[in-house]
Amino acid sequence: MKTIQHRTLKLNDEADTRALGLEIAEALEPGDVVALVGDLGTGKTALTKYIAEGLGVTEEINSPTFTIVKEYRSGRLPLYHFDVYRLGSSEELFDIGAEEMLDGDGACVIEWADIVADALPDDTLAVRLEYGEKEGERTAEIL
């Protein structure tokens, strides 16, 4: 992955979330993993949509809560979008064949990544999303 500055950002609105998603997408290379962590409604899926936009993905992006992973191949890299909320462990992640995607030709974005953190590569880009002080505001800590 090209360098992304580790920092904390205030995301005041959708435009700020989009800017962060596009920045992350620009840095992504084959085999990169982005781990998204945050409470329900903090913007994990919204950020994923903007990462996909930045990669040139043309399909509609929605959370793969029940399928665990969705694959998008219309962008400059394949995008593997995981929602691991329903998994109980990292072992279950490998049971669905995620190892091939994590080490594959595309980029992985994993929502609720804290559930499977012990299975993620050391160079994973982690983004922690939290509610901000005002309605609609979020903070994003890039680790």
Side-chain angles (χ1 to χ4, degrees), residues 1-132 136-143:
M1 177 177 300
K2 297 175 187 167
T3 303
I4 298 262
Q5 182 183 1
H6 294 238
R7 64 198 190 274
T8 300
L9 298 166
K10 186 185 289 189
L11 305 175
N12 294 305
D13 54 26
E14 197 80 12
D16 290 346
T17 302
R18 182 175 184 266
L20 177 58
L22 296 179
E23 177 186 351
I24 292 170
E26 186 177 323
L28 290 176
E29 298 173 346
D32 285 342
V33 177
V34 179
L36 302 180
V37 177
D39 290 336
L40 189 66
T42 54
K44 296 178 297 295
T45 302
L47 183 59
T48 302
K49 288 179 183 183
Y50 293 124
I51 292 169
E53 177 186 328
L55 289 173
V57 172
T58 57
E59 296 100 328
E60 181 180 345
I61 305 295
N62 47 45
S63 186
T65 302
F66 297 103
T67 59
I68 312 297
V69 64
K70 289 187 178 177
E71 196 173 318
Y72 303 95
R73 295 199 164 267
S74 60
R76 70 171 177 85
L77 293 173
L79 174 63
Y80 305 107
H81 179 200
F82 292 82
D83 181 330
V84 298
Y85 182 78
R86 297 178 60 220
L87 297 185
S89 69
S90 298
E91 188 174 303
E92 290 180 40
L93 182 68
F94 294 119
D95 289 345
I96 63 167
E99 191 168 10
E100 291 178 18
M101 293 175 217
L102 291 170
D103 295 329
D105 59 345
C108 295
V109 176
I110 304 174
E111 296 188 34
W112 302 98
D114 47 323
I115 294 170
V116 297
D118 60 322
L120 301 180
D122 291 339
D123 61 349
T124 295
L125 176 70
V127 180
R128 179 175 304 281
L129 297 162
E130 297 179 347
Y131 290 105
E137 183 182 273
R138 304 289 187 265
T139 59
E141 184 180 4
I142 302 169
L143 309 166

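Numbers here simply count residues along the sequence, with the first being 1.
The backbone N or O of Ala19 sits nowhere less than 3.5 Å from a side-chain atom of Asp16 that would complete a donor-acceptor pair. Remark: side-chain polar atoms of Thr58 are not paired, donor with acceptor, to backbone N or O of Ser74 under 3.5 angstrom.
Taken from CG in Asp83 to CD1 in Ile68, the straight-line distance is 7.0 Å, to the nearest 0.5 Å. Summarising the geometry, atom CG belonging to Leu125 is positioned 8.5 Å from atom CG belonging to Leu36; distances are rounded to the nearest 0.5 Å. The CG atom of Leu20 sits 8.0 Å away from atom CG of Leu129, with the distance rounded to the nearest 0.5 Å. Taken to the nearest 0.5 Å, the OG1 atom of Thr67 stands 8.5 Å off from the CG atom of Asn62. For the atom pair Glu71 CD and Met101 CE, the distance stands at 6.0 Å (nearest 0.5 Å). Taking CD1 of Ile115 as the start and CD1 of Ile110 as the end, the distance is 11.0 Å to the nearest 0.5 Å.
For Glu91, the CD atom counts as loosely surrounded, since its 6.0 Å shell holds 12 or fewer non-hydrogen atoms of other residues, nucleotides or ligands. Atom CD of Glu29 has more than 12 neighbouring heavy atoms from other residues, nucleotides or ligands inside a 6.0 Å radius.
Nearest heavy-atom pair, Pro78 versus Asp105, reported as atom, atom and distance to 0.1 Å: CD-O, 3.5 Å. Residues Ile61 and Val57 come closest through the heavy atom pair CD1-CG1, 3.9 Å. The two atoms that bring Lys70 and Pro64 nearest to each other are CG-CB, 3.6 Å, heavy atoms only. Listed here is the closest heavy atom pair of Ser89 and Val116: O-CG1, 4.0 Å. The heavy-atom pair separating Gln5 from Arg7 by the smallest distance is O-NH1, 2.9 Å. Smallest separation of non-hydrogen atoms from Glu26 and Arg76: O-NH2, 3.6 Å.
Pairs passing the ring pair (Phe, Tyr, Trp, His ring centres under 6.0 Å) check and including a residue from residues 80-101, sequence neighbours excluded, read Tyr85-Trp112.
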Which atom pairs, one a donor and one an acceptor, fall under 3.5 Å between side chains of residues 45-54 and the rest of the protein, sequence neighbours left out?
{"unit_1": "Thr45", "atom_1": "OG1", "unit_2": "Glu111", "atom_2": "OE1", "d": "3.0"}
{"unit_1": "Thr45", "atom_1": "OG1", "unit_2": "Glu111", "atom_2": "OE2", "d": "2.9"}
{"unit_1": "Thr48", "atom_1": "OG1", "unit_2": "Lys44", "atom_2": "O", "d": "2.9"}
{"unit_1": "Tyr50", "atom_1": "OH", "unit_2": "Glu14", "atom_2": "OE2", "d": "2.8"}
{"unit_1": "Glu53", "atom_1": "OE1", "unit_2": "Arg18", "atom_2": "NE", "d": "3.4"}
{"unit_1": "Glu53", "atom_1": "OE2", "unit_2": "Arg18", "atom_2": "NE", "d": "2.9"}
{"unit_1": "Glu53", "atom_1": "OE2", "unit_2": "Arg18", "atom_2": "NH2", "d": "2.4"}

Given the rule in the side chain to side chain contact (heavy atoms under 4.5 Å, CB included) test, do Tyr131 and Arg138 qualify, once you have shown the distances and angles that lead to the verdict?
CA-CA 5 Å; Tyr131 290 105; Arg138 304 289 187 265; 3.5 Å; yes

